[in-house]
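As structure tokens, the structure follows; a few thoughts come after it.
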Protein chains: 2
Amino acid sequence: MTARKATALDVAKVAGVSRSAVSMVLNGNIKGNVSREAQERIRAAARELNYLPNPVAVSLRNQRTATLGIVTDEIVTSPFAGRLVSGATNAALARGYMILVVDTEHIPGRDEPAIDALQHRRVDGLIYATGSLKPYSPTDPFRAQPAALANCFDPQDRLAAVVPDEVTGSRRATELLLQLGHRQIALLGGDDEHAALLREQGYRAAMENAGLSSRDQQVVVTGWDIDQGYQAAESVLQEPDRPTAVLAANDRVATGILLYAASAGIRVPEQLSVVGYDDQQNVAANLVPALTTVALPHAEIGAIAVNRVLDELEGGERRTERVLVPCPLITRQSTAPAA
Amino acid sequence: MTARKATALDVAKVAGVSRSAVSMVLNGNIKGNVSREAQERIRAAARELNYLPNPVAVSLRNQRTATLGIVTDEIVTSPFAGRLVSGATNAALARGYMILVVDTEHIPGRDEPAIDALQHRRVDGLIYATGSLKPYSPTDPFRAQPAALANCFDPQDRLAAVVPDEVTGSRRATELLLQLGHRQIALLGGDDEHAALLREQGYRAAMENAGLSSRDQQVVVTGWDIDQGYQAAESVLQEPDRPTAVLAANDRVATGILLYAASAGIRVPEQLSVVGYDDQQNVAANLVPALTTVALPHAEIGAIAVNRVLDELEGGERRTERVLVPCPLITRQSTAPAA
DNA sequence: TTGAAAGCGCTAACAC
DNA sequence: GTGTTAGCGCTTTCAA
């Protein structure tokens with residue numbers, strides 16, 4: 001079973017050629033150097049022996065490990081953006097690379113050792129990925145080798161960054177509500193994090209566009225979690241001329257809003273439309289009622305970031321612009337025409 | 001900045017010794033072969049040059065990569081057990097290993113290529129980890145090298161497995177409810193997955209123990225998601241002599257129960273106590289009211305599995321028993337004495 | 001057209 | 001006590 005793996009020498013012996021011929025043929029470096037027949041014999045022998053070059057030896061020789069490193073502040077640990085890592089892994093796998101991930105769990109000072117460890121392992125490229133959208137000023141190692149930012153961005157744009165198009169996402173969500181005839185639409189939850197700012201921008205833009213000035217706009221900042229959504233709803237839905245629709249800062253906030261609405265006897269979507277943000281797995285689609293929400297394209301972000309790094313690595317030039325990935329609006333049961 | 005890294009030869013030159021002396025000293029293999037002074041000079045030179053052995057070269061030479069592979073069906077992709085991977089990564093890092101993860105996303109047939117890819121990369125050990133507790137029959141590669149199962153187990157116990165102690169967890173949860181004076185306690189949600197079976201076992205054991213026979217026990221099987229928790233609650237809480245406490249199959253089911261209770265005007269915990277399972281991040285602690293629940297020790301499971309593999313790898317003998325990791329009961333606001 | 005040889009950076013057996 | 005040497009498996013230059 002665990003028979004010693006075949007080496008290039010074994011293949012050469014079987015094919016009756018030299019080790020170097022094997023290497024050349026299998027790497028496509030035959031500058032008219034190996035006869036057709038020999039090539040055939042080599043390929044046949046390789047297939048027969050199930051030969052694959054030992055990646056460790058190749059790495060030592062080529063000074064490349066076919067490995068990318070991801071440093072993240074919380075993606076693996078937290079339940080939200082795991083698909084970023086799997087999107088990245090799949091994109092890497094498709095191009096013959098593997099990924100080494102280190103999660104710093106937001107522990108101060110762990111960034112640098114993590115990057116060091118990855119560099120020590122001779123990764124060919126680096127990605128810094130954050131759980132929530134935020135600015136991140138890349139340290140030297142990121143600027144000295146192929147690298148990209150995922151779900152975060154360099155305020156000075158010295159490094160390629162892949163981020164969700166939050167503004168358009170929340171603008172679209174607001175537009176949906178407006179089209180349904182809602183005029184009193186409130187934005188609930190969130191705080192001063194970057195994503196909240198952008199989502200608010202999109203909301204205000206759509207409202208403005210519909211002729212609803214800031215007097216008609218209502219933003220209640222409480223946070224990102226269920227209980228904070230509950231609080232926000234509590235503070236806004238008790239008044240007699242309450243909003244007929246709310247935009248939640250994310251799906252957890254929406255959950256809190258739904259919880260409050262249920263306890264207050266407010267029927268969703270008949271008396272109140274609710275839109276979330278994230279399309280969180282096992283949450284948005286399973287709430288009661290199922291939640292209309294804006295999806296965060298985490299897998300795509302991871303994949304694009306990886307391809308950016310690999311393009312640069314494989315000879316492309318360095319590009320530093322930000323890529324905005326669209327956030328699709330997903331319509332479910334929590335939204336309905338205004339009464 | 002990206003100055004060429006120092007090699008053992010550089011260190012040897014600076015210290016005025018041979019390459020091999022450097023290697024021996026830095027690896028602690030001085031069988032009385034190197035003079036004290038030389039040792040000092042070597043260490044000093046290594047420090048000065050910031051020398052670290054190139055792991056790629058060491059791998060090629062030692063036929064070991066200091067890398068472990070994890071194949072998982074959904075841990076990275078799904079939002080639940082990410083801490084298993086980070087627990088594993090941290091445990092590995094602490095012993096000088098790195099981890100390569102491949103998530104098969106439950107796609108049939110992806111297991112084998114994933115394992116192949118990892119083996120091709122010459123990982124020193126393998127871990128198979130599942131998102132939810134289940135039996136898993138390890139394929140040959142797992143039995144041919146140091147390996148362990150995390151959150152799953154070999155029905156034939158040919159391989160070490162690390163799993164949560166689900167039975168004790170739900171027994172404790174039920175006991176808490178009994179101590180609070182509840183007698184009508186229902187178990188809601190779940191299906192025929194292994195975890196559900198064990199959790200039911202614990203529930204029934206505790207009930208039995210309190211003198212409540214199967215006639216007093218009530219199990220409603222609907223599934224693991226929010227909407228299914230809602231359904232289960234709907235079917236059980238409408239009756240006049242409804243339970244005064246419920247055990248949810250997990251925190252999402254508990255969320256659904258809370259949602260139904262709110263809409264039905266049933267106050268938690270005054271009129272109904274609710275206990276969850278998982279202690280899901282950003283959910284359990286943030287529900288309204290904050291959820292009493294049983295924590296799933298994912299990080300610990302990952303760490304123990306890694307240490308099992310590394311122990312075997314570093315000379316320990318192969319052990320194949322199952323390790324049961326305790327599930328701590330976390331008391332919050334959703335439970336109260338029976339009225 | 002083919003094969004020999006050097007070398008990536010390291011460790012360990014073996015001579016000195 | 002110390003240094004030399006032979007590989008680990010591969011790629012690529014260079015000589016035949």
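So that the names make sense, note that chain A is the first sequence line, chain B the second, and so on, each numbered from 1.
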Just to be sure I understand the geometry, which residues of residues 54-66 of chain B put a non-hydrogen atom under 4.0 Å away from DNA chain D?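 The answer is Leu60(B), Arg61(B), Gln63(B).
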
Would you jot down, in residue-number order, the residues of residues 39-53 of chain B having a non-hydrogen atom under 4.0 Å from DNA chain D?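 None, since no heavy atom is under 4.0 Å.
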
Pairs of donor and acceptor atoms involving the side chains of residues 66-74 of chain A, under 3.5 Å and at least two apart or interchain, shall be tabulated with distances.
| from | atom 1 | to | atom 2 | distance (Å) |
| --- | --- | --- | --- | --- |
| Thr67(A) | OG1 | Thr65(A) | O | 2.9 |
| Thr67(A) | OG1 | Arg121(B) | NH1 | 3.1 |
| Thr72(A) | OG1 | Glu74(A) | N | 3.3 |
| Thr72(A) | OG1 | Ile75(A) | N | 3.0 |
| Thr72(A) | OG1 | Ala129(A) | O | 3.0 |
| Asp73(A) | OD1 | Gly131(A) | N | 2.9 |
| Asp73(A) | OD2 | Lys134(A) | NZ | 3.2 |
| Glu74(A) | OE1 | His106(A) | NE2 | 3.2 |

Give, ordered by number, those residues of residues 12-21 of chain B having at least one heavy-atom distance below 4.0 Å to an atom of DNA chain C; if nothing qualifies, reply none.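 Nucleic-acid contacts, sorted: Arg19(B), Ser20(B).
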
Apply side-chain contact (heavy atoms from CB on, under 4.5 Å) to Leu159(B) and Thr320(B), showing your working. CA-CA 5 Å; Leu159(B) 194 55; Thr320(B) 61; 5.8 Å; no

Report, one line per pair, each donor and acceptor closer than 3.5 Å where one atom sits in a side chain of residues 46-59 of chain B; sequence neighbours left out.
| from | atom 1 | to | atom 2 | distance (Å) |
| --- | --- | --- | --- | --- |
| Asn54(B) | OD1 | Val56(B) | N | 2.7 |
| Asn54(B) | OD1 | Ala57(B) | N | 3.4 |
| Ser59(B) | OG | Pro55(B) | O | 2.7 |
| Ser59(B) | OG | Arg64(B) | O | 3.1 |

Quick one: sort the His194(A) and Phe153(A) rings into parallel, tilted or perpendicular, breaks at 30° and 60°.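 The rings of His194(A) and Phe153(A) sit tilted, inter-plane angle from 30° to 60°.
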
Glu321(A) atom CD, neighbour heavy-atom count above 12 within 6.0 Å: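 Atom CD in Glu321(A) is crowded, with more than 12 foreign heavy atoms closer than 6.0 Å.
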
Whole-Å distance separating the CZ atom of Arg122(B) from the P atom of dG9(D):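 For the pair Arg122(B) CZ and dG9(D) P, the rounded distance is 8 Å.
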
What is the separation between atom CG on Leu9(A) and atom P on dG7(D), rounded to the nearest whole Å?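 After rounding, the gap between these two atoms is 13 Å.
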
The helix from dT1(C)-dA16(D) to dC16(C)-dG1(D): angle between its terminal axes, five pairs each, to 10°?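 If I round to tens, the end axes sit 60° apart.
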
Do we see a donor-acceptor contact under 3.5 Å between the side chains of Asp103(A) and Thr77(A)?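 Short answer, yes.
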
Is it true that Asp124(B) and Gln145(B) share a donor-acceptor pair across their side chains at a distance under 3.5 Å?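 There is no such pair (donor and acceptor under 3.5 Å, judged by atom type) between the side chains of Gln145(B) and Asp124(B).
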
Using the rule given for side-chain contact (heavy atoms from CB on, under 4.5 Å), can you reason through Glu314(B) versus Arg95(B), listing the C-alpha separation, both sets of side-chain angles and the distance that settles it, and then say yes or no? CA-CA 11 Å; Glu314(B) 294 175 352; Arg95(B) 293 176 69 165; 2.9 Å; yes

Under the 3.5 angstrom rule, does the side chain of [X] hit a backbone N or O of [Y] as a donor-acceptor pair?
X: Arg122(B); Y: His120(B); result: yes
X: Arg308(B); Y: Ala148(B); result: no
X: Asp10(A); Y: Thr7(A); result: yes

If you take all heavy atoms of Ser137(A) and Pro155(A), which pair is closest and at what distance?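 That closest heavy-atom pairing would be OG-CD, 3.9 Å.
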
Go through Val162(B) and Leu149(B) one step at a time and tell me if the side-chain contact (heavy atoms from CB on, under 4.5 Å) criterion holds. CA-CA 6 Å; Val162(B) 187; Leu149(B) 265 18; over 6 Å; no

